[in-house]
> 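This is the structure I want to talk about, given as structure tokens.
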Number of protein chains: 2
Amino acid sequence: MADIKRIAREQLAVQGGAALSLRAIARELGIVSSAMYRYVPSRDELLTMLIEDAYNAVGDVAEAADAACERADVVGRWKAIGTAVRAWAVAVPSEYALIYGSPVPGYAAPPDRTITPGTRVTRLLIGVISEADSAYAGPNPVMAPPVREDVRGIRESLGVRGDDDLVARAVLAWTAVFGLISFELFGQFAGGVHDPAAHFDHQLDRLALLVGLA
Amino acid sequence: MADIKRIAREQLAVQGGAALSLRAIARELGIVSSAMYRYVPSRDELLTMLIEDAYNAVGDVAEAADAACERADVVGRWKAIGTAVRAWAVAVPSEYALIYGSPVPGYAAPPDRTITPGTRVTRLLIGVISEADSAYAGPNPVMAPPVREDVRGIRESLGVRGDDDLVARAVLAWTAVFGLISFELFGQFAGGVHDPAAHFDHQLDRLALLVGLA
DNA sequence: TCACTTTAGTGAGCGGTGCTCTCTCAGTGT
DNA sequence: ACACTGAGAGAGCACCGCTCACTAAAGTGA
């Protein structure tokens with residue numbers, strides 16, 4: 001099973017998610033293709049496992065980065081988490097694409113197995129923001145009732161504190177972090193941003209200001 | 001050719017990008033699979049055409065939305081463009097995924113045919129921001145030399161005005177817009193945001209503030 | 001020791017895929 | 001009448017996920 005996953009990840013790295021082939025894995029393993037089904041119920045199930053693993057991998061590095069920081073240093077924690085997530089994504093772009101890219105066609109990941117591990121980074125990023133005493137002094141737009149409701153739901157399901165505006169800003173910042181990484185990895189920055197690491201770091205600073213961390 | 005593209009888009013809508021099948025298109029067309037190659041050099045080439053079309057489609061709706069606004073109403077233009085892009089994405093999520101999602105594996109879109117049409121929305125969004133007299137009064141983080149260089153390159157290649165900080169904020173806002181759309185379409189908001197349209201609209205307001213439009 | 005069960009793997013086969021090749025055949029311009 | 005062209009047919013290659021019946025070895029309890 002470990003071998004299968006290892007080879008699957010290798011194949012993922014060079015070919016991408018949708019091209020994941022049980023036959024190719026079997027070939028590499030010196031095994032006939034049908035024997036794969038002793039270990040893996042189906043290709044989709046293997047994909048789901050890899051997605052789960054990827055969520056947990058990025059969750060691990062994010063939590064480790066956060067844990068290495070002084071608790072009170074919220075800016076440092078924010079930047080450490082963001083930097084760690086980007087570093088992970090750059091190191092294994094295919095696994096990042098698996099979970100944050102377009103869904104693999106003809107296959108929908110079962111929510112009950114991907115939502116929970118997928119929330120770890122979200123909880124971390126939004127949690128750091130909500131733990132800080134926000135220094136944001138700028139204006140806030142009016143919030144329509146349905147938005148307010150969603151924001152309150154997010155605050156409760158993530159178990160964080162902070163007023164509605166802060167949580168809304170945190171959601172925006174969280175989204176922007178992954179927007180930056182996706183744009184970098186999926187080629188939207190091609191030709192424009194030549195030093196994506198430095199650019200990401202800079203925008204992390206801007207987002208920290210946006211959410212009132214600094 | 002028009003029929004092929006039409007059916008391809010239909011197939012795209014129900015199955016997703018990587019599952020695009022020339023044989024299925026041929027079947028639908030009442031034609032044998034090999035006859036497809038009279039019209040389409042390869043599956044990848046068809047994919048590239050669809051990507052080109054998608055970029056131009058979203059570029060069209062964005063430019064139309066912008067053109068319908070009073071020139072001086074920069075906030076209105078910003079929101080109109082963002083809303084139009086999201087509406088297009090929600091209407092044809094598979095085409096959105098094709099261009100803003102993870103690249104289809106084993107296939108890299110030729111940059112010379114995708115970069116240019118892909119820049120239209122970018123130019124529009126960042127252009128609107130740069131045309132306004134920024135009302136942003138908040139702080140700006142220090143900008144490392146490589147970031148400054150990239151920002152200047154972007155300003156020049158897009159032909160916009162505004163100081164380095166404004167352009168950097170514009171890039172962040174542009175990225176966040178697509179981050180929001182991607183999170184919605186790719187399921188990252190699942191369970192958290194129940195009214196994505198209202199949420200998107202709200203965050204568009206926040207981004208307008210961030211870049212000093214309001 | 002012997003029968004039984006579990007485990008791991010084989011190999012054939014089904015229907016699907018992209019793509020290439022050679023072939024046919026109806027039009028068309030001269 | 002004749003050569004040429006466009007559009008399609010059909011066979012075939014190598015690949016894919018997946019199923020099924022089968023086998024051989026390894027462990028296990030009486």
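Throughout, a chain's letter reflects where its sequence line sits, starting with A, and its residues are numbered from 1. Side chains are part of it too, since the values below use all heavy atoms of this structure and drop only hydrogens, waters and symmetry mates.
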> With a 3.5 Å distance limit and no angle check, can you tell me whether B:Arg161 reaches the backbone of B:Glu131 through a side-chain donor-acceptor pair?
yes

> For the pair made of CE in B:Met36 and P in D:dG8, what is the distance, rounded to whole Å?
11 Å

> Has the side chain of B:Arg23 got a donor or acceptor that lies under 3.5 Å from a partner of the other kind on the base of C:dG18?
yes

> Between D:dG10, D:dC16, D:dC18, which nucleotide has the shortest distance from any of its atoms to the side chain of A:Ser21?
D:dC16

> Within this structure, what is the CG-to-P distance between A:Leu22 and C:dT10, rounded to whole angstrom?
15 Å

> Please report the distance, rounded to the nearest Å, between OH in A:Tyr37 and C1' in C:dG11.
15 Å

> Quick check for you: among C:dA12, C:dC23, C:dG18, whose closest atom lies nearest to any side-chain atom of B:Arg38?
C:dC23

> Among D:dA9, C:dC19, C:dG11, which nucleotide sits nearest the side chain of B:Ser33?
C:dC19

> So, B:Tyr55 and B:Thr116: side-chain donor and acceptor under 3.5 Å apart, yes or no?
no

> Applying a 4.0 Å non-hydrogen cut-off, can you work out what B:Leu20 is touching in the nucleic acid: base, sugar-phosphate, or nothing?
sugar-phosphate

> When you measure from the side chain of B:Ala24, which nucleotide among C:dG18, C:dT17, D:dA9 comes out closest?
C:dT17

> In terms of side-chain heavy atoms of A:Ala35, which of C:dT10, D:dG17, C:dT20 is nearest?
C:dT10

> Look at the rings of B:Trp174 and A:Phe183 and say which category their plane angle falls in: under 30° parallel, 30 to 60° tilted, over 60° perpendicular.
tilted

> From the list D:dC16, C:dC19, D:dG8, which nucleotide is the closest neighbour of the side chain of A:Arg27?
D:dC16

> Just to verify, which of B:Phe178, B:Phe186, B:Trp88 counts as forming a ring pair (Phe, Tyr, Trp, His ring centres under 6.0 Å) with B:Tyr100?
B:Phe178

> Does D:dG8 have its OP1 or OP2 closer than 4.0 Å to a side-chain nitrogen or oxygen of B:Tyr39?
yes

> Looking at every strand, decide which applies to B:Ser42 at a 4.0 Å heavy-atom threshold: base, sugar-phosphate, or nothing.
sugar-phosphate

